[in-house]
Colleague: 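Take a look at the following structure, please.
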Amino acid sequence: AQSVTQPDIHITVSEGASLELRCNYGATPYLFWYVQSPGQGLQLLLKYFSGDTLVQGIKGFEAEFKRSQSSFNLRKPSVHWSDAAEYFCAVGFTGGGNKLTFGTGTQLKVEL
Amino acid sequence: DGGITQSPKYLFRKEGQNVTLSCEQNLNHDAMYWYRQDPGQGLRLIYYSQIVNDFQKGDIAEGYSVSREKKESFPLTVTSAQKNPTAFYLCASNTLRGGNTEAFFGQGTRLTVV
């Protein structure tokens, strides 16, 4: 079965500081990061299917696929107050309805 | 604008009642999904459908039912058999073409049992 783990439930960073949100996956090649503002749906930040292991996304986010560590951590060099939200890592595969399995999420708080 | 529309945004239900959540998409996507979100548990798959008139159970289908009579629509009914229905419900869709597994989400419906 697919699996995805987000070890950090809550993270607090100061505005302007760098950010890294952790994600560890099971045996699957398709990886995603989504962001959710309170009471809203999910917005795709970036995705990895194959190729270059450093993936650029929207809003200045990037993620690096590391097969040796089974990780797909999300990073941002300088956090803005508007980045405060919940972040979900997800894994998927083609076939069987292309279902996604989500991690439990990391709640990001940004201190001004 | 293309997208996924969920309605209503907020829904209140008395215990013992069935309620239906609406999900419509104009993206011409083949697959549609319903997820349930609870604090600290991420998103869990309730049902999904890859084609009209066909659907499959997800991980937590008990107490829910769906239909897919049109490609654009995938309504979810929360029945009285669902013991703990208060949650945030998210609908999503996917094209299923070109090996793309990216899902697009609606804005969600918050269901509260009163």
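Every chain is numbered from 1, with letters handed out A, B, ... down the list of sequences.
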Colleague: Shared ILVMFWY cluster between B/M32 and B/F105, side chains joined below 4.5 angstrom?
Modeller: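 Different clusters: B/M32 never reaches B/F105 through Ile, Leu, Val, Met, Phe, Trp or Tyr contacts under 4.5 Å.
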Colleague: If I take atom CD from residue B/E102 and atom CG from residue A/L44, how far apart are they, to the nearest 0.5 angstrom?
Modeller: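 Interatomic distance, B/E102 CD to A/L44 CG, rounded to 0.5 Å: 4.5 Å.
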Colleague: To the nearest 0.5 Å, what is the distance between CD on B/Q50 and CG on A/N98?
Modeller: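 If I round to the nearest 0.5 Å, the distance is 7.5 Å.
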Colleague: With only heavy atoms counted, which part of B/Q6 is less than 4.5 Å from chain A, the side chain, the backbone, both or neither?
Modeller: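 Answer is neither: B/Q6 stays 4.5 Å or more from chain A.
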Colleague: Counting only heavy atoms not in B/K14 (residues, nucleotides, ligands), do more than 12 fall under 6.0 Å from its NZ?
Modeller: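 Incorrect, the count does not exceed 12.
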Colleague: So what's closer than 4.5 Å to chain A heavy atoms on B/Q107: side chain, backbone, both or neither?
Modeller: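 Both parts, backbone and side chain.
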Colleague: Are B/I4 and B/Y33 linked, directly or through other ILVMFWY residues, by side chains that come within less than 4.5 angstrom of each other?
Modeller: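 Shared cluster, no.
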Colleague: Tell me, for B/L43 versus chain A, whether the close heavy atoms (under 4.5 Å) come from the side chain, the backbone, both or neither.
Modeller: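 The answer is both parts of B/L43.
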Colleague: Does any non-hydrogen side-chain atom of A/K99 lie less than 4.5 Å from one of B/Q56?
Modeller: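 With C-beta onward as the side chain, the pair stays apart.
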Colleague: Look at the side-chain heavy atoms of Ile, Leu, Val, Met, Phe, Trp and Tyr, link any pair under 4.5 Å apart, and say whether A/Y87 and A/L46 land in one connected group.
Modeller: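 Shared cluster, yes.
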Colleague: Under 4.5 Å between side-chain heavy atoms, hopping through other hydrophobics if needed: is there a path connecting A/Y48 to A/L21?
Modeller: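 Same hydrophobic cluster.
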Colleague: Should we count CG of A/L54 as having more than 12 external heavy atoms under 6.0 Å?
Modeller: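 Result for CG/A/L54: enclosed.
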Colleague: OH/B/Y35 to CZ/A/F102 distance, rounded to the nearest 0.5 angstrom?
Modeller: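 Going from OH on B/Y35 over to CZ on A/F102, the span is 5.0 Å.
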Colleague: Would you say CD of B/E62 has more than 12 non-hydrogen atoms from neighbouring residues, nucleotides or ligands within 6.0 angstrom?
Modeller: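 Open.
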Colleague: Check B/L90 against A/Q40 and note the closest heavy-atom contact, atom names and distance.
Modeller: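 The answer is CD2-O, 4.4 Å.
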Colleague: Is chain B contacted by the side chain of A/Q43, its backbone, both, or neither, given a heavy-atom distance below 4.5 Å?
Modeller: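 For A/Q43, neither part sits under 4.5 Å from chain B.
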Colleague: When rounded to the nearest 0.5 angstrom, what distance separates OG1 in A/T101 from CG in B/L45?
Modeller: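 A/T101 OG1 to B/L45 CG: 8.0 Å, rounded to 0.5 Å.
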Colleague: A/Q6 versus chain B, heavy atoms under 4.5 Å apart: side chain, backbone, both or neither?
Modeller: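 No part of A/Q6 comes within 4.5 Å of chain B.
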Colleague: So which part of A/I9 gets closer than 4.5 Å to some heavy atom of chain B, the side chain, the backbone, both or neither?
Modeller: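 For A/I9, no heavy atom lies under 4.5 Å from chain B.
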Colleague: Compare every heavy atom of A/L100 with every heavy atom of B/A103, then report the nearest pair and how far apart it is.
Modeller: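 Shortest heavy-atom separation between B/A103 and A/L100 comes out as CB-CD1, 3.7 Å.
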Colleague: Let me check something: do A/F61 and A/V4 share a hydrophobic cluster, defined by ILVMFWY side-chain heavy atoms less than 4.5 Å apart, either directly or through other members?
Modeller: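 In one cluster with A/F61: A/V4, yes.
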